[in-house]
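Report on one structure; see the data block that follows.
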Amino acid sequence: MTDNDHNSHTPIDPDMRPNFDAMPNVAMMDTSHVDKDQPPFVLVDGSYYLFRTYHALPKTMANTQGLTTNAIRGTLNALLKVMRRYHPTHMAVCFDTKSPTFRHAMSSDYKAARPPMDPELVEQIPYIHHLVAALGIPLLRIEGAEADDIIGTLAYRAVEQGHHVVISTGDKDMMQLVNDCVILEDSFTGKVTDSQAVVDKFGIEPSQMIDFLTLMGDSSDGIKGVPGIGKKTAKDLLNKYGNIETMLENVAEIKGRAGKNLVEYADDIPFNAQLATIVTDLAVGHDWSDLKINTDPCAHIEKLRALYTELEFKNELASLDHPNHPANGSQSVADSQADAESQAQVAKSLQSSKIENIKDSKRHDKAWHTVLDEPAFESLLKQLTTAAHFVIDTETTSMYWREAELVGLSFAVKAHEAYYVPLTHRLEDDELTTKQLDRDTVLAKLKPILQNPNIGKIGQHLKYDAHVLSHYDIDLLGSIHSSPNNWAMDTMLASYVINAAITRHGMDDLARHYLQTQTISFEDVAGKGAKQVSFDQVAIDIASDYACEDADITYQLFDIFRQKLAENDTNFRLLHELEIPTAQILCQMEAQGILIKRSFLNELSKRFDEEIIALEAQAHELAGETFNLGSPKQLGEMLFEKLGVAGGKKTKSGQYSTSEAVLSKIDHPLVDITLEYRGLSKLKSTYTDALDNVADAETDRVHTSYHQALTSTGRLSSTDPNLQNIPIRTATGRLIRQAFIAPKGRVILAADYSQIELRLMAHFSGDKNLTRAFNEGLDIHAATAAEVLGKEVTDVTATERRNAKAINFGLLYGMSAFGLAKQLQMSRGEAQDYIDMYFERYPGVKEYMMNTRASAHEKGYVETILGRKLYTPDINHSNRMVKQGAERAAINAPLQGSAADLIKLAMIAVDKVLPKTQAKMLLQVHDELVFEVDSDKVDEVSQLITEAMQNVLTDTAVEKGWQVSFAVPLLVETDSGKNWDEAH
DNA sequence: GTTGGTACCTA
DNA sequence: GTAGGTACCAACG
């Protein structure tokens with residue numbers, strides 16, 4: 001590749017020393033004439049982002065040609081971010097060149113400490129240059145000049161001509177250029193620096209920055225500084241004397257090593273000052289019109305396309321063709337799923353160029369505070385009391401809510417400002433621990449605020465914080481609701497509702513994706529692996545940064561999501577009327593837990609163990625030697641090599657497969673033993689032993705955790721332990737279910753939606769035959785068999801019904817003849833014939849599947865019954881297998897996702913009618929809800945639950961603003977008994 | 001001590 | 001053929 005000649009520049013002679021005496025000083029400029037109503041002039045320090053993102057982002061980001069792309073992506077994202085934020089009309093991206101500059105000529109030490117650039121970075125540089133050009137942004141590289149000096153010069157000229165300026169960089173040296181109309185922004189971290197921020201950070205004015213650097217030196221730039229003068233002394237001296245000149249005039253009164261060395265090294269000071277000074281009067285041959293961004297979307301789109309193709313930036317590439325694709329709303333640095341804003345979109349936002357954020361460009365740097373005394377806490381309380389809404393985050397000793405103890409609390413009332421209230425940090429040698437406020441006093445004062453429904457609470461994964469605070473008798477979630485001026489929001493759920501697939505929804509992921517910011521990780525502050533300590537062992541000043549960042553980031557995410565939700569009423573309602581109420585209910589269910597019968601589980605464990613030992617002995621007997629029956633590898637070798645059994649198949653890793661599908665076709669005693677052994681060890685290790693281990697020692701209750709923002713379809717998942725996969729298919733497995741019981745005087749009641757996904761298929765497809773079968777209340781699988789085979793329902797045999805059931809499930813899963821053949825143990829041709837016959841009888845279903853597939857291809861998403869958009873990122877994947885997989889998922893997603901929507905509505909509906917009955921909702925298993933009910937109220941409660949569940953679409957959904965006219969009835973089946981097995 | 005592969009439990 | 005979680009082994013650092 002060659003560098004573009006969009007900008008050609010006269011080289012600067014490195015031997016020509018700038019005239020420092022006459023150099024204009026940006027920080028001291030008069031700025032009264034500057035017009036801040038125009039968009040700012042944006043100057044990007046390209047070299048900074050190159051290095052920063054190359055080292056900060058994983059080197060594993062690469063295309064299939066082996067080209068590392070992390071710096072390309074990182075720099076591109078930084079560029080797009082700053083453009084999106086300020087909508088500039090004029091801009092320049094500046095890079096260093098390899099050639100020496102006047103600073104090298106001045107000092108052999110200058111940047112001599114820098115190791116040579118990695119080849120993996122070098123090869124990325126031309127791509128970045130070309131991307132900048134293809135985006136229509138002026139690119140400046142001048143032989144003999146550094147990016148800093150080009151930026152300094154252009155910043156000076158811009159202000160002189162009445163423009164205000166944003167310099168996009170993370171280099172602190174640039175702070176010398178800051179004034180009322182020039183700010184810095186690090187577009188990688190999002191940090192903004194104005195003059196106040198410089199004062200906050202170093203205690204000096206931007207105009208003193210050169211002197212500051214001169215005195216304390218900068219090892220990375222090879223500036224030596226004055227020995228004995230560091231950050232603190234330099235600050236104190238500058239505050240006293242204003243500048244180095246005055247300082248030297250009064251050097252006699254400066255005591256100690258600093259004074260002595262100032263005299264001794266006085267001769268070096270002018271030289272160091274020159275190295276530290278950014279040149280502002282470089283002979284850059286550009287006038288204002290050269291620095292205009294080319295906003296014509298067509299001008300460079302083919303160049304962009306070629307670049308994205310070569311780099312394999314697939315989403316960015318796709319976005320060129322689908323400029324309005326909904327997945328394009330935001331940027332990600334590291335997430336390969338992320339979409340970059342297309343050229344067309346950049347152009348669009350530039351054209352709309354309303355300067356959204358004059359305030360932004362004047363904003364102070366984020367201010368993070370640690371609250372360690374009464375006045376500070378009282379002032380925080382006052383802010384929280386008068387706020388419409390605020391961010392709260394708890395820091396605790398454990399990520400498991402059940403064992404978590406509160407360590408501190410952080411708050412944010414606006415972006416870039418946060419407070420941390422440490423409470424129970426216990427690190428020895430940390431003198432701040434003694435200054436902590438008393439936990440109970442703090443909580444007592446916060447309680448009325450946290451429980452006040454008129455003050456909105458914002459948080460990331462609030463269910464967790466609610467659990468923690470409930471241990472201290474504070475009900476955080478109980479009264480959460482939003483009104484236009486008073487927001488409640490869980491940013492995790494907001495992100496999930498807006499787009500479940502584009503990123504994961506942990507805070508680090510959200511910060512990376514939506515804010516292009518790498519957060520301080522928990523491992524950074526607490527260590528990792530065995531050496532990790534709990535948060536109360538983290539030093540308070542470090543903990544405070546971490547906690548404040550969490551609150552701050554959450555507030556910034558809130559700002560983004562608030563805007564996105566305001567533009568999309570469906571997503572707004574999904575969050576506030578569905579997900580947040582669901583979270584509140586899940587919180588109660590998790591806290592409630594389900595009672596287990598320990599003795600029974602222990603007995604089962606013992607029994608299973610005996611049988612397992614016996615089976616193992618038999619296996620070793622048959623094999624003639626001992627081996628690990630639980631190792632698929634050893635078993636495969638034993639069976640297919642040593643014993644010479646036929647029928648061995650290999651997995652893709654070259655091992656023998658010993659899956660049930662393979663083994664069940666083999667007639668050999670060792671196979672039977674193996675399958676039984678596996679069944680029992682699965683039950684013992686995953687269920688009987690595990691449940692006993694996790695049950696609460698005092699109450700014998702098991703408390704699962706539901707993940708509400710994990711699945712691609714809107715379903716919940718359950719962990720620690722997973723109570724959504726308790727065995728039911730085999731008699732032995734059902735023994736486990738019998739261990740889930742109700743306390744004395746109560747019973748377990750289970751209510752499940754019958755055939756909900758097939759009913760949804762009937763609804764979505766409108767197929768006459770399928771709809772009729774449900775409306776007539778037929779056995780749906782038998783009805784399918786009768787329909788396809790052209791006989792009466794009463795004449796359908798068990799095998800025919802079984803086959804029909806398989807095809808019905810196949811439908812829900814995006815069926816292929818291949819898959820159906822495998823399931824039914826028939827040839828592909830037979831399976832295809834069967835499918836063809838099915839579609840002939842159910843043409844509406846066939847049409848639905850085709851339409852869904854087509855629509856997913858076109859839009860990039862499918863929708864559930866409540867309008868939740870489920871994105872299908874791989875739907876146009878170049879790999880055929882991947883694409884077909886995405887198509888099957890796209891067919892299944894509206895069905896599975898709608899069922900998930902409905903049961904969430906059902907939980908909300910049921911939760912409303914339960915309180916007067918003393919019944920408690922305990923578990924959700926996708927289409928089933930499990931309750932604990934007083935024995936004498938079973939009929940009454942069962943009736944209430946059934947009605948609530950069956951009528952969700954006519955009652956609850958309508959109440960919450962959804963209008964769905966459902967094509968078939970929703971049927972709920974309930975049963976009860978002294979354990980979960982009996983209730984099912 | 002972490003990670004990928006295999007197997008198997010659910011709707 | 002869809003969507004999940006957990007346990008175990010074996011290899012890797």
Side-chain angles (χ1 to χ4, degrees), chain A residues 500 528-532 627-636 650-663 674-675 677-687 689-691 693-694 704-707 710-730 732-734 736-737 752-758 761 806-824 828 831 835 849 852 862 870 872 881 884-897 899-900 903 923-929 980 984:
Chain A
K528 65 173 192 167
K531 278 179 264 171
Q532 191 166 79
F627 69 102
N628 187 345
L629 190 51
S631 160
K633 190 165 178 265
Q634 292 184 32
L635 174 68
K650 299 229 173 163
T651 64
K652 50 178 172 267
S653 64
Q655 261 189 56
Y656 284 108
S657 168
T658 61
S659 68
E660 200 198 337
V662 171
L663 293 189
T674 302
L675 292 176
Y677 166 87
R678 280 188 186 163
L680 288 172
S681 34
K682 172 80 181 172
L683 291 176
K684 178 170 151 57
S685 63
T686 312
Y687 301 108
D689 290 352
L691 287 171
N693 283 333
V694 296
T704 183
S705 291
Y706 288 104
H707 293 203
L710 186 139
T711 71
S712 55
T713 55
R715 270 192 182 178
L716 304 177
S717 82
S718 155
T719 60
D720 310 304
N722 181 356
L723 295 185
Q724 290 183 319
N725 71 345
I726 302 303
I728 193 165
R729 289 179 212 272
T730 66
T732 322
R734 276 201 298 278
I736 313 278
R737 270 187 190 233
D752 65 273
Y753 277 119
S754 162
Q755 304 293 354
I756 188 150
E757 292 188 10
L758 271 179
M761 173 67 98
I807 201 166
N808 278 333
F809 275 100
L811 286 176
L812 305 177
Y813 298 154
M815 187 160 61
S816 70
F818 181 81
L820 185 67
K822 214 164 98 188
Q823 181 72 28
L824 288 178
R828 247 186 92 167
I835 291 171
M849 293 178 75
T852 306
V862 293
L870 303 174
T872 55
M881 293 282 280
Q884 287 177 341
E887 288 176 351
R888 290 191 296 271
I891 288 168
N892 174 261
L895 305 166
Q896 192 185 117
I903 194 128
L923 302 175
Q924 189 254 46
V925 194
H926 308 308
D927 63 1
E928 172 188 10
L929 297 174
W980 192 4
H984 201 284

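Chain naming here is simple, since letters A, B, ... match the order of the sequence lines and numbering starts at 1 in each.
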Any residue meeting side chain to side chain contact (heavy atoms under 4.5 Å, CB included) with Y813(A), in chain and number order, not counting sequence neighbours: F809(A), N892(A)
Per-nucleotide protein contact string for nucleotides 8-13 of chain C (B base, S sugar-phosphate only, - none; heavy atom under 4.0 Å): SSSS--
Sugar-phosphate, base or nothing in reach of L811(A), heavy atoms under 4.0 Å: nothing
For S705(A), all residues meeting side-chain hydrogen bond (donor to acceptor under 3.5 Å, both in side chains), sequence neighbours excluded: W401(A)
Results of side-chain hydrogen bond (donor to acceptor under 3.5 Å, both in side chains) for T711(A) - residues two or more places apart only: Y496(A)
Under the side-chain hydrogen bond (donor to acceptor under 3.5 Å, both in side chains) test, residues paired with Q823(A) that sit two or more places apart: none
With sequence neighbours excluded, residues passing salt bridge (charged side-chain N to carboxylate O under 4.0 Å, His left out) with E887(A): R853(A)
S712(A) side-chain N/O to dG4(C) phosphate OP1/OP2 under 4.0 Å: yes
Touch class at under 4.0 angstrom, heavy-atom based, for L820(A) against every strand present: base
Sugar-phosphate only, base, or nothing, as touched by F809(A) at under 4.0 Å among non-hydrogen atoms: nothing
Touch class at under 4.0 angstrom, heavy-atom based, for E757(A) against every strand present: nothing
DNA chain B: 5'-most and 3'-most nucleotides touching chain A, 4.0 angstrom heavy-atom criterion: dT2(B) to dA11(B)
Sugar-phosphate, base or nothing in reach of R715(A), heavy atoms under 4.0 Å: base
Residues which pass side-chain hydrogen bond (donor to acceptor under 3.5 Å, both in side chains) with T713(A), listed by chain and number, not counting sequence neighbours: Q896(A)
Sugar-phosphate, base or nothing in reach of A806(A), heavy atoms under 4.0 Å: base
Residues that K682(A) engages under salt bridge (charged side-chain N to carboxylate O under 4.0 Å, His left out), provided they are two or more places apart: none
